[in-house]
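Each remark here refers to the structure printed beneath this line.
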Amino acid sequence: VQNIGVLQSGIYCLKKTLEFSGAISRPYKLYSKHSKHPLLCRPRTSDREVYLQIFAEREYQCLDEVKSAELIIDCGANIGYSSAYFLTRFPRSKVIAVEPDPENFALLKKNLAWYDDRSEALLKGVWSNESQLVMSEEPFSDGREWSRTVRSIRSGEIGMIDSIDIGTILKRSGFARISILKIDIEGSEIEVFSSGVEEWLGKVDNLVIELHGHEARAVCIQAIADQGFETREYGELFVCRRFGQIK
């Protein structure tokens, strides 16, 4: 109630009850005092858990000390809840939301449509270079909508998804730096941090990443070792803040 709002919490509980009873079969609207606009949620999916993470548990309150942000890149944007949170929390920011799963992306576009030119949605997979990918057929984590993964194409396969690297996103954005880089890409961070980071990592002021496994942690820590970041753990997140950054 404190984090979502009294009225918004009541609506959430009502919609949850209706969803469990089977009375709702189409996407419905949820609300939060940390989102300027309504949020569409698909019944019987992981969407409600994402809503609770972002708005009830306030997963990204680790960024509360950041006073302002210009460019925010949301890698693994899912259905747009984290992007909506950032757009509301930083009203002068531009958010570029990247999501490879077509079904998630369709709802992402609807959830961000309220923000007009302050948001841009890319149906792509974040990778270390521009190439072709496919959605992985092997379940990751619980295999639900918030755990979609991509992989490189194999011999004879036709790519279904374009990949994009963070350096290219930054170049195309027109901004000089990335105020906040959020990465939650279900293991693909190994690929992202394995090569090419010298082109963009030095231009990141705040990095918030969910690391999946020991290999991902080792690769990421090695990549940022000499980048002048102050690091800390916050729940499931690995938070990196550049030393000397003005708040």
Side-chain angles (χ1 to χ4, degrees), residues 1-69 72 74-95 97-99 101 103-116 118-119 121 141-148 179-180 182-186 206 208-210 232-239:
V1 172
Q2 179 180 351
N3 287 337
I4 296 176
V6 176
L7 177 61
Q8 296 91 331
S9 296
I11 293 172
Y12 168 81
C13 291
L14 173 62
K15 294 295 179 67
K16 177 182 176 181
T17 300
L18 291 173
E19 178 182 332
F20 280 174
S21 70
I24 297 179
S25 59
R26 295 182 179 180
Y28 55 87
K29 291 180 181 179
L30 291 175
Y31 302 83
S32 167
K33 67 180 184 180
H34 294 289
S35 177
K36 186 177 181 180
H37 299 290
L39 302 151
L40 288 172
C41 176
R42 296 168 295 188
R44 294 177 293 281
T45 68
S46 58
D47 294 357
R48 270 195 316 99
E49 284 97 325
V50 177
Y51 171 86
L52 291 175
Q53 273 191 342
I54 303 296
F55 299 107
E57 299 170 12
R58 286 200 62 218
E59 183 175 38
Y60 293 104
Q61 64 183 311
C62 55
L63 295 169
D64 279 359
E65 61 188 7
V66 179
K67 302 304 180 184
S68 64
I72 301 172
D74 187 348
C75 301
N78 192 250
I79 56 172
Y81 290 175
S82 53
S83 293
Y85 176 88
F86 293 140
L87 286 160
T88 302
R89 173 69 179 80
F90 303 103
R92 296 183 179 179
S93 66
K94 166 73 177 286
V95 170
V98 191
E99 169 61 36
D101 181 77
E103 293 184 5
N104 289 341
F105 184 80
L107 204 62
L108 164 69
K109 289 278 288 183
K110 292 179 180 179
N111 280 324
L112 297 188
W114 300 94
Y115 298 93
D116 300 321
R118 288 190 56 216
S119 69
S141 185
D142 63 5
R144 299 170 73 203
E145 295 80 9
W146 60 357
S147 300
R148 300 293 190 240
S179 298
I180 296 172
K182 170 250 175 177
I183 300 179
D184 185 1
I185 50 178
E186 311 305 317
N206 296 277
V208 183
I209 179 170
E210 184 170 337
R232 60 191 172 101
E233 305 279 345
Y234 187 86
E236 295 182 329
L237 302 176
F238 186 58
V239 183

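For the numbers below, each heavy atom of this structure counts, side chains included, while hydrogens, waters and symmetry mates do not.
Taking a 6.0 Å sphere around CD of Q2, one finds it holds 12 or fewer heavy atoms contributed by other residues, nucleotides or ligands. E103 CD: 12 or fewer foreign heavy atoms inside a 6.0 Å radius.
No donor-acceptor distance shorter than 3.5 angstrom exists from the side chain of N3 to the backbone of E57, with no hydrogens or angles considered. Judged by distance alone, the side chain of R144 and the main-chain N or O of T45 form a donor-acceptor pair under 3.5 Å. Distance alone, capped at 3.5 Å, is enough to place a donor-acceptor pair between the D74 side chain and the S83 backbone. A donor-acceptor pair is defined here as one N or O able to donate and one able to accept, closer than 3.5 Å; such a pair exists between the side chain of N206 and the backbone of S179.
Atom-to-atom distance recorded for S25:OG and L18:CG is 11.5 Å, nearest 0.5 angstrom. For the atom pair CG (L39) and CD1 (I79), the distance works out to 8.0 Å, reported to the nearest 0.5 Å. Atoms CD1 and OH, on I11 and Y31 in that order, are 6.0 Å from each other to the nearest 0.5 Å. Separating the CD1 atom in I4 from the CG atom in L52 is a distance of 6.0 Å, to the nearest 0.5 Å. With rounding to the nearest 0.5 angstrom, the NZ atom of K33 is 8.0 Å from the CD atom of Q8. The CG atom of N111 lies 11.0 Å from the NE2 atom of H37; values are rounded to the nearest 0.5 Å.
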Check your understanding: Is there a side-chain contact (heavy atoms from CB on, under 4.5 Å) between E186 and R148 once you walk through the steps?
Key -> CA-CA 7 Å; E186 311 305 317; R148 300 293 190 240; over 6 Å; no
Practice item. Show your working on side-chain contact (heavy atoms from CB on, under 4.5 Å) between I183 and V208 and close with a plain yes or no. Key: CA-CA 6 Å; I183 300 179; V208 183; over 6 Å; no
Practice item. Assess whether ring-ring contact (aromatic ring centres under 6.0 Å, His included) is satisfied between Y51 and Y12, documenting all intermediate values. Key: CA-CA 10 Å; Y51 171 86; Y12 168 81; 5.5 Å; yes
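A donor atom on one side chain and an acceptor atom on the other are found under 3.5 Å apart for R118 and S93.
Ionic pairing of E145 and R42 is not present here: no N-O contact between side-chain nitrogen and carboxylate oxygen is shorter than 4.0 angstrom.
Smallest separation of non-hydrogen atoms from S82 and A77: OG-O, 4.3 Å. Residues C41 and L30 share a closest heavy-atom pair of CB-CD1, 3.8 Å. When all heavy atoms are compared, the tightest approach of E99 to F105 is O-CD1, 3.9 Å. Residues D101 and N104 approach most closely at OD2-N, 2.9 Å, considering heavy atoms. Shortest non-hydrogen contact noted between K109 and A121 is CD-CB, 3.7 Å. Closest approach of I24 to R44, counting heavy atoms only: O-NH1, 3.3 Å.
For the pair K15/R48, no side-chain contact is recorded, criterion being any heavy-atom separation below 4.5 Å from C-beta on. Inter-residue side-chain proximity for S119 and W114 is flagged as unmet; no heavy-atom pair is nearer than 4.5 Å. Side-chain contact between S35 and Y81 is absent, with no heavy atoms from C-beta onward closer than 4.5 Å. I72 is listed as a side-chain neighbour of F90, based on a closest heavy-atom distance under 4.5 Å. Contact annotation: the side chain of Y115 approaches that of T88 to within less than 4.5 Å [non-hydrogen atoms, C-beta and beyond]. Here the side chains of D47 and L107 are in contact, with some heavy-atom distance below 4.5 Å. Side-chain contact between L112 and L108: present, with at least one pair of heavy atoms (C-beta onward) separated by less than 4.5 Å. Y60 has its side chain out of reach of R89: every pair of non-hydrogen atoms, C-beta onward, lies at least 4.5 Å apart.
Partners of E59 by side-chain contact (heavy atoms from CB on, under 4.5 Å), not counting sequence neighbours, listed by chain and number: Q53, I54, E210, E236, L237. Not counting sequence neighbours, Y28 has no partner by the ring pair (Phe, Tyr, Trp, His ring centres under 6.0 Å) test. With sequence neighbours left out, R232 forms a side-chain contact (heavy atoms from CB on, under 4.5 Å) with C62, E65, Y234, V239.
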